[in-house]
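This report concerns only the one structure given below.
Within every chain, numbering begins at 1; the chains are lettered A, B, ... in the order of the sequence lines, protein sequences first and strands thereafter.
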Protein chains: 2
Amino acid sequence: MAEHFYSSEGDALLRAADLRITRPRQAIARVLSEARDHPDADQVLRRARRHDPSISQATAYRTLSVLTESGILRTHTFDGSATRYELAERPHHDHLIDVETGEVREFVSREIEALQARIAAEHGYEIVAHRLELYCRKAG
Amino acid sequence: MAEHFYSSEGDALLRAADLRITRPRQAIARVLSEARDHPDADQVLRRARRHDPSISQATAYRTLSVLTESGILRTHTFDGSATRYELAERPHHDHLIDVETGEVREFVSREIEALQARIAAEHGYEIVAHRLELYCRKAG
DNA sequence: ATAGTTGCAAACGTTTTGCAATGGG
DNA sequence: CCCATTGCAAAACGTTTGCAACTAT
């Protein structure tokens with residue numbers, strides 16, 4: 001057990017998803033729990049390989065899939081480019097983007113959420129997820 | 001000029017984009033001007049081939065690109081799936097996406113729009129554009 | 001005439017999958 | 001032990017591109 005790394009943070013993700021704890025998954029989960037950005041699969045793989053160089057691309061994709069299905073991760077697809085991942089643990093929020101500076105603010109509106117649910121219901125649907133982005137300019 | 005089809009609707013798109021009027025492009029533009037859904041490149045190609053079976057995939061993609069760059073078309077990338085196209089001229093609306101079938105419904109909610117404006121104002125902003133997508137499943 | 005456009009096929013980047021070998025519980 | 005998990009390589013997927021032939025203007 002000598003040169004073994006403990007990544008309780010990461011392991012917690014695996015346990016939450018009811019996955020067997022394996023070396024590749026530990027490395028991947030650790031990378032995710034430490035990430036402060038929104039890495040894509042390739043970035044996750046690269047970083048995970050710093051901990052365990054033998055990790056295959058397939059395992060990275062498979063682990064990301066499984067963690068996403070378990071609700072541990074959330075994905076974003078910005079404009080057709082590669083899927084990016086982040087921990088889903090953070091509370092839900094929408095984004096207000098300053099089109100001039102690129103600054104992003106987060107907000108939640110209970111009223112909007114309620115209206116969304118109503119609209120979905122009117123169409124005979126229930127909401128699985130949603131995305132709301134406001135592109136704004138500082139008011140004159 | 002015998003069995004020639006007139007697609008003034010479609011041709012107008014091509015002229016607006018300053019493109020040479022060719023048979024493949026006429027078929028593609030016609031399909032787009034007639035579409036009531038949000039077809040992806042492959043669907044556009046299939047439909048265009050009903051008018052001109054010799055159209056290649058490459059031409060479909062190239063025409064869609066060029067029309068998009070000209071501002072004639074607008075694209076949507078719903079959660080990692082194929083890029084979908086619609087005429088940019090159409091009035092604003094938001095989207096409800098059936099996560100099981102990929103079907104897209106359009107909706108507008110004056111209340112939500114108003115709330116969005118209020119939220120932006122509370123942050124000292126005014127809205128330039130927004131995007132609202134509801135990913136839904138048919139209600140049990 | 002000539003620059004723009006085409007079809008074909010190959011290449012692309014991302015993601016998925018079949019398989020036999022490995023390893024966690 | 002046994003089934004989940006792995007690495008590998010090949011395939012699948014949507015999309016782009018190089019090229020030589022063609023065509024709208």
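- With D:dT15, C:dT6, C:dG7 as the candidates, the nucleotide lying closest to the side chain of B:Arg25 is C:dT6.
- Rounded to an integer number of Å, the gap from A:Glu69 CD to C:dT15 C1' is 14 Å.
- One can place OH of B:Tyr85 at 12 Å from P of D:dG14, the figure rounded to the nearest angstrom.
- Between the side chain of B:Arg62 and the base of C:dG7 there is at least one donor-acceptor pair of N/O atoms closer than 3.5 Å.
- Between the CZ atom of B:Arg46 and the C1' atom of D:dG14 there is a distance of 13 Å, rounded to whole Å.
- Taking only side-chain nitrogens and oxygens, B:Tyr61 never comes nearer than 4.0 Å to OP1 or OP2 of D:dT16.
- Summary of the strand contacts: A:Ile55 and B:Asp42 both lie near DNA chain D, and taking for each the nucleotide with the nearest heavy atom, the more 5' one is attributed to A:Ile55.
- Scanning both residues, A:Leu132 and A:Asp94, for their nearest heavy atoms gives O-CB, 3.4 Å.
- Of all the heavy atoms in B:Ile28 and B:Ala48, the pair that sits closest is CG1-CB, 3.9 Å.
- Checked for salt-bridge contact, A:Asp37 and A:Arg47 meet the test: a charged N lies under 4.0 Å from a carboxylate O.
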Summary of protein contacts for nucleotides 20-25 of chain D, nucleotide by nucleotide, where a base hit scores B, a sugar-phosphate-only hit scores S (4.0 Å, heavy atoms): ----BS
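- At whole-Å resolution of the value, CD in A:Gln43 and P in C:dG13 are 16 Å apart.
- Residue A:Thr83 places at least one side-chain N or O under 4.0 Å from the OP1 or OP2 atom of C:dT15.
- Closest approach of A:Ser109 and B:Ile119 over heavy atoms only: CB-CD1, 3.5 Å.
- Where B:Arg84 and A:Thr59 each meet DNA chain D at their nearest nucleotide, the meeting point lying more 5' is that of A:Thr59.
- The interatomic distance linking A:Gln57 (CD) with D:dT6 (P) rounds to 15 Å, in whole Å.
- Across the protein-nucleic acid pair, A:Leu14 atom CG and C:dG25 atom C1' stand 15 Å apart, rounded to whole Å.
- When rounded to the nearest whole Å, the span between CG of A:Asp52 and P of D:dT5 equals 16 Å.
- Salt bridge B:Glu86/B:Arg84: absent, no basic N to carboxylate O contact under 4.0 Å.
- Distance CG (A:Leu45) to P (C:dT14): 12 Å, rounded to an integer number of Å.
- By the 4.0 Å N-to-carboxylate-O rule, B:Arg30 lies too far from B:Glu9 to be salt-bridged with it.
- Between A:Ile97 and A:Leu134 the shortest side-chain heavy-atom distance does not fall below 4.5 Å.
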